[in-house]
Asks: 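Structure below; questions to follow.
Hydrogens, waters and symmetry mates play no part in the numbers below; they use all other heavy atoms, side chains included. From a predicted model like this one, the values you see are computed outputs, not experimental measurements.
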Amino acid sequence: LGQAGLLIEALDRPEVDLAIGSRRSKTSFVVKSGERNERGRIFIYLWKQLLRKIDYVPDTQCGFKAFRSTVVRDIISQAQTHNFAFDLELLLLTELRRTRSVFVQPIAWIDSDQASNTSESGPYLGMLQSVVNLYRRYEGPTKRSDAFANAIDQLTLEGWEAAVLALSEKLSDADRRG
């Protein structure tokens, strides 16, 4: 909460409807730990293959967000996702309402597996399945993205865990790529 002023200041800009904290920006200060970070990198890589309209937002799952009061009710009233992927839908709805109206604010963050809601593999697979639904609802189909969506449709929890093991090293810098 000590960083709330950063988001409020961003909302003073007329082009900003949503300010979101980012633990993945180059100037963010983050203390990381645990295997959750590997699953998160793979999750980010996969959602960016599907939700191109918001791929400029490096950290969609950061709970540190502030909306402009004049738009928040409209955006939330349109939302249909009620699981961990709701953040992605709110960002998409904001972007669809007005292009590039999401402001990314680097923040200081201490990562904690103990305090996380995504310390197990399960929530990630459900979020990915929701991302596929968001892709099909809000994005125009592309051959490449459809291939990712179809692969995620077929993914089981065991398959997700195997993918994390197989891809962790290959995607170790996915959070730094666009």
Side-chain angles (χ1 to χ4, degrees), residues 1-11 13 15-68 71-72 75-76 79 81 83-121 123-132 134-135 138-139 148 152 160 164 167-168 170-178:
L1 290 177
Q3 299 177 75
L6 297 170
L7 301 185
I8 294 167
E9 181 181 12
L11 290 174
R13 300 175 185 187
E15 70 277 8
V16 176
D17 289 334
L18 167 60
I20 181 172
S22 175
R23 302 161 290 190
R24 296 185 176 275
S25 295
K26 289 182 181 183
T27 58
S28 297
F29 178 80
V30 178
V31 177
K32 296 181 192 180
S33 67
E35 149 185 341
R36 186 170 66 93
N37 195 34
E38 297 303 318
R39 291 188 298 265
R41 282 186 184 125
I42 294 167
F43 173 76
I44 291 166
Y45 174 80
L46 290 172
W47 79 252
K48 285 189 173 202
Q49 305 311 305
L50 299 172
L51 305 179
R52 299 296 203 176
K53 288 178 173 61
I54 58 169
D55 67 359
Y56 67 95
V57 179
D59 187 5
T60 60
Q61 301 312 112
C62 184
F64 193 51
K65 298 176 181 69
F67 283 90
R68 181 173 301 284
V71 303
V72 67
I75 292 167
I76 290 176
T81 305
N83 61 19
F84 285 120
F86 79 93
D87 301 86
L88 290 152
E89 185 172 29
L90 294 178
L91 289 161
L92 274 168
L93 290 168
T94 302
E95 182 68 16
L96 290 170
R97 188 180 180 284
R98 188 161 60 136
T99 304
R100 295 292 179 154
S101 62
V102 176
F103 180 82
V104 176
Q105 175 62 56
I107 60 169
W109 193 271
I110 298 174
D111 189 35
S112 167
D113 278 343
Q114 292 79 18
S116 173
N117 291 322
T118 56
S119 59
E120 300 295 323
S121 291
Y124 285 100
L125 182 56
M127 284 192 296
L128 283 173
Q129 292 163 340
S130 293
V131 167
V132 169
L134 294 172
Y135 161 70
Y138 297 114
E139 296 272 343
F148 277 95
I152 292 167
W160 165 249
V164 169
L167 296 174
S168 290
K170 290 179 183 178
L171 298 177
S172 65
D173 66 341
D175 59 344
R176 290 181 287 261
R177 293 190 309 228

Asks: So which heavy atom on Cys62 is nearest to which on Ile107, and how close?
Replies: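 That closest heavy-atom pairing would be SG-CD1, 3.8 Å.
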
Asks: Calculate, to the nearest 0.5 Å, the distance between atoms CD1 and CG belonging to Ile152 and Leu128 respectively.
Replies: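 Rounded to the nearest 0.5 Å, the CD1-CG separation comes out at 5.0 Å.
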
Asks: Where do Val131 and Leu46 land on the side-chain contact (heavy atoms from CB on, under 4.5 Å) test, with the steps shown first?
Replies: CA-CA 9 Å; Val131 167; Leu46 290 172; over 6 Å; no

Asks: Atom CG of Leu88 and atom OH of Tyr135: how far apart are they, to the nearest 0.5 Å?
Replies: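 Rounded to the nearest 0.5 Å, the CG-OH separation comes out at 15.5 Å.
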
Asks: For Arg24, does its backbone N or O pair with a side-chain atom of Ser22 as donor and acceptor, under 3.5 Å?
Replies: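 It does hold such a pair.
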
Asks: Are Trp160 and Arg39 packed together at the side-chain level, in the sense that at least one heavy-atom pair is separated by less than 4.5 angstrom?
Replies: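 Yes. Closest side-chain heavy atoms under 4.5 Å.
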
Asks: How long is the span from the CG atom in Asp87 to the CE atom in Met127, to the nearest 0.5 Å?
Replies: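 Spacing of CG (Asp87) from CE (Met127) equals 9.0 Å.
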
Asks: So, the side chain of Glu15 versus the backbone of Arg100: is there a donor-acceptor pair under 3.5 Å, distance only?
Replies: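 The answer is no, because no donor-acceptor pair under 3.5 Å joins these two groups.
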
Asks: Any donor and acceptor pair, going by atom type alone, linking the side chain of Arg68 with main-chain N or O of Val16 inside 3.5 Å?
Replies: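 A pair under 3.5 Å: yes.
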
Asks: For the OG1 atom of Thr81 and the CZ atom of Phe86, what is their distance to the nearest 0.5 Å?
Replies: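 Going from the OG1 atom of Thr81 to the CZ atom of Phe86 covers 10.0 Å.
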
Asks: So, Arg52 side chain and Lys48 main chain: donor-acceptor pair closer than 3.5 Å or not?
Replies: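 Here the side-chain-to-backbone pair exists.
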
Asks: So how far is it from Ile20 CD1 to Phe64 CZ, rounded to the nearest 0.5 Å?
Replies: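 These two atoms lie 10.5 Å from each other.
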
Asks: Search all heavy atoms of Asn83 against all heavy atoms of Gly126 and return the closest pair with its distance.
Replies: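 In this case the closest contact between Asn83 and Gly126 is ND2-O, 4.2 Å.
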
Asks: With a 3.5 Å cut-off and no angle check, do the side chains of Glu89 and Tyr138 form a donor-acceptor pair?
Replies: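 On atom types as modelled, these side chains qualify, holding a pair under 3.5 Å.
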
Asks: Identify the heavy atoms of Leu93 and Ile75 that sit nearest to each other, and give their distance.
Replies: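 Heavy-atom minimum between the residues: CD1-O, 3.4 Å.
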
Asks: Ignoring hydrogens, what is the shortest heavy-atom contact between Ala85 and Leu134? Give both atom names and the distance.
Replies: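 Nearest pair, atom of Ala85 first, then Leu134: O-CD1, 4.1 Å.
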
Asks: side-chain contact (heavy atoms from CB on, under 4.5 Å), that's the test. Do Glu95 and Thr99 meet it? Break it down for me.
Replies: CA-CA 5 Å; Glu95 182 68 16; Thr99 304; 3.4 Å; yes

Asks: Over all heavy atoms of both residues, which pair between Trp47 and Ile54 is shortest? Give the atoms and the distance, please.
Replies: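 Where Trp47 meets Ile54 most closely, the heavy atoms are CH2-O, 3.5 Å.
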
Asks: Are there more than 12 heavy atoms of other residues, nucleotides or ligands under 6.0 Å from atom OH of Tyr56?
Replies: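 Result for OH/Tyr56: enclosed.
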
Asks: Crowded around Glu9 CD? As in, over 12 foreign heavy atoms under 6.0 Å?
Replies: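 Counting other residues, nucleotides and ligands, CD of Glu9 stays at 12 neighbours or fewer.
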
Asks: Of all residues at least two apart in sequence or in a different chain, which pass the salt bridge (charged side-chain N to carboxylate O under 4.0 Å, His left out) check with Arg97?
Replies: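 Applying salt bridge (charged side-chain N to carboxylate O under 4.0 Å, His left out) to Arg97 gives Asp17, Asp74.
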
Asks: Has Ile110 got more than 12 heavy atoms of other residues, nucleotides or ligands less than 6.0 Å from its CD1?
Replies: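 No, the 6.0 Å shell around CD1 holds no more than 12 heavy atoms from other groups.
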
Asks: Looking at Leu167 and Ile42, what are the two nearest heavy atoms and their distance?
Replies: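 Minimum heavy-atom separation between Leu167 and Ile42: CB-CD1, 3.9 Å.
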
Asks: List the residues meeting salt bridge (charged side-chain N to carboxylate O under 4.0 Å, His left out) with Glu139, not counting sequence neighbours, and say none if there are none.
Replies: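 Glu139: salt bridge (charged side-chain N to carboxylate O under 4.0 Å, His left out) contacts with Lys53.
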
Asks: Between CG of Asp55 and CD of Gln49, what distance do you get to the nearest 0.5 Å?
Replies: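 Output value for this atom pair is 9.0 Å.
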
